[in-house]
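Structure, as structure tokens:
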Protein chains: 2
Amino acid sequence: MQRPQTVAEQVANVLRESIADGSLAAGTPLRQDDLAERFGFSRMPVRDALRQLEAEGIVSIHPTKGAHVARMDATEIREIFAVRALLESEALRLSVPNLAKDTLDEAGHVLKQIDAEPNVGRWGTLNRAFHLALYSACGNARLLGLIEAHHNAADRYVRVLLSNLNYRSRSQSEHWDILTTCRHRDAEAAVRLLKRHLGEGVKTLVEAGLAGKS
Amino acid sequence: MQRPQTVAEQVANVLRESIADGSLAAGTPLRQDDLAERFGFSRMPVRDALRQLEAEGIVSIHPTKGAHVARMDATEIREIFAVRALLESEALRLSVPNLAKDTLDEAGHVLKQIDAEPNVGRWGTLNRAFHLALYSACGNARLLGLIEAHHNAADRYVRVLLSNLNYRSRSQSEHWDILTTCRHRDAEAAVRLLKRHLGEGVKTLVEAGLAGKS
DNA sequence: TTCTGGATACTCGTATACGGGAATACAGAT
DNA sequence: ATCTGTATTCCCGTATACGAGTATCCAGAA
């Protein structure tokens with residue numbers, strides 16, 4: 001970006017990460033005064049940050065009632081994953097023929113990191129990095145942006161998934177399979193595996209009963 | 001919505017419409033002071049509105065440099081339409097089997113209105129209403145939201161298209177064809193027509209040389 | 001004439017201040 | 001004891017104020 005980093009952006013980044021890693025649970029009210037005091041800034045940049053996060057769909061704002069961490073029910077999770085499947089399938093289909101060998105190696109390296117990483121907190125980040133690497137050659141910046149946004153929106157739920165060891169090992173083997181088909185330049189097979197991969201994720205999530213009751 | 005209407009939202013709505021109908025051309029700088037004075041409010045709600053519109057992709061904000069109406073080049077237009085084709089095809093595919101007869105009739109009514117409407121300014125709105133009506137039964141609110149957002153982003157370019165009488169009559173006949181296939185519950189045929197419809201649009205746009213040079 | 005350096009003006013980001021509406025809690029009546 | 005009405009408190013939306021960074025413009029030198 002190389003742009004002057006504004007306070008609002010810093011606040012947004014910290015909040016986003018706090019929400020993603022679960023420090024701020026779904027439904028938590030986000031009082032402007034509290035946050036301003038906690039960060040040591042005034043309410044204005046906090047307001048900007050909250051608006052930013054609202055646009056990303058991870059917080060909800062109601063006029064006069066304030067902001068709270070967005071609460072997702074099973075329906076919304078299903079919707080997000082349906083959209084992800086649609087967007088990421090297309091991105092992968094477009095990307096596979098153009099994937100540089102370096103990028104494929106990089107994706108493989110990320111997978112090895114996941115296998116070796118003991119810190120649960122970093123799995124989410126690495127998981128995202130792997131997926132985005134595969135799509136990076138799709139040639140449509142806006143599509144990539146949408147995909148990233150939906151990763152942000154779903155991240156804290158995915159991280160719950162990843163903390164389940166069973167799911168994680170299955171997810172990893174699916175990742176390796178996808179990477180292999182990409183190396184073989186078999187886009188359609190890769191897309192099939194990706195769709196199944198995402199389908200397994202949402203199924204596990206919904207079965208785990210992570211739906212909010214609000 | 002039924003929520004308290006905040007000043008920032010009003011400002012955002014007015015600005016959005018002004019940008020869509022061309023009153024504010026691409027690249028136009030949006031000075032916070034000017035807008036605040038023009039609307040008769042302070043800069044704060046204007047800031048909120050600009051942030052909102054930035055999230056929608058209609059304006060760009062650079063810290064310390066200010067906001068301006070987003071400028072799109074041919075590449076971005078192609079990207080937007082590629083994403084639209086992807087999103088709207090899926091929405092239509094999901095929606096067709098569930099479309100109530102009332103909704104189909106409503107869509108037909110909108111098309112008749114377009115045929116009868118002499119005011120160029122309203123075509124854009126009606127055009128959008130037709131498309132959204134067809135997707136309304138897709139059962140995925142988030143998908144619909146994304147589609148609407150992309151309509152907003154592309155609206156001012158589409159309106160330029162629609163002011164071309166040749167394009168408009170062709171577009172209308174394509175609309176009628178799509179509606180007919182929907183009535184026959186032939187989702188795949190409808191999707192094919194829709195893709196061609198959007199493809200014609202982007203082709204006409206790019207040929208017309210509407211690309212910005214920024 | 002052209003290029004450079006500095007001063008001025010402009011605009012944004014952030015801080016502080018104020019007014020209003022919603023939620024809550026308490027008191028009084030049934 | 002419970003319900004209702006009122007008052008208080010909290011919080012957000014909006015307004016005003018201030019400091020900083022950038023761009024512009026003019027003057028002076030090459």
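Values reported hereafter were calculated over all heavy atoms of this structure, with side chains retained and with hydrogens, waters and symmetry mates removed. Residue numbering restarts at 1 for every chain, and letters A, B, ... go by the order of the sequence lines. Quantities reported herein were computed from a predicted structural model and do not represent experimental measurements.
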Below the 4.0 Å mark, does C:dC12 have OP1 or OP2 next to a side-chain nitrogen or oxygen of B:T64?
no
Rounded to the Å, how far apart are B:M44 CE and C:dA17 C1'?
12 Å
Ring-ring centroid check A:H62 A:H68, cutoff 6.0 Å
no
Is any side-chain nitrogen or oxygen of A:R47 closer than 4.0 Å to OP1 or OP2 of D:dG13?
yes
Would one find a side-chain N or O of B:Q32 under 4.0 angstrom from OP1 or OP2 of C:dC10?
no
Within 45° of the axis and under 6.0 Å from the centre of the six-membered ring of B:F81, does NZ or CZ of B:R78 qualify?
no
Expressed as a whole number of angstroms, how long is the span from B:K65:NZ to D:dA23:P?
6 Å
Ranking D:dA15, D:dC11, C:dT16 by distance to the side chain of A:S42, first place goes to C:dT16
Does the cation-pi check pass for B:R159 over B:W123, that is, NZ or CZ under 6.0 Å from the six-membered ring centre and within 45° of its axis?
no
Here the distance between atom C1' of D:dA15 and atom CZ of B:F39, to the nearest Å, is 17 Å
Does the side chain of B:T6 get closer than 4.0 angstrom to OP1 or OP2 of D:dT14 through an N or O atom?
yes
Just the rounded figure in Å: distance from P of C:dC12 to CD of B:E37.
13 Å
Length of the line joining A:L30:CG and D:dG13:P, which is rounded to integer Å
13 Å
Exercise: identify the closest heavy-atom pair between A:S42 and A:V46
O-CG2, 3.6 Å
Side chains of A:Q172 and A:H175 only: does a donor on one sit below 3.5 Å from an acceptor on the other?
yes
To the nearest Å, how far apart are B:H62 NE2 and C:dG13 C1'?
13 Å
Rounded distance in Å - CG (B:L50) to P (C:dT11)
14 Å
Separation of C:dA9 atom P from B:D33 atom CG, nearest Å, is 16 Å
Please determine whether a side-chain nitrogen or oxygen atom of A:R43 lies at a distance below 4.0 Å from atom OP1 or OP2 of C:dA15.
no
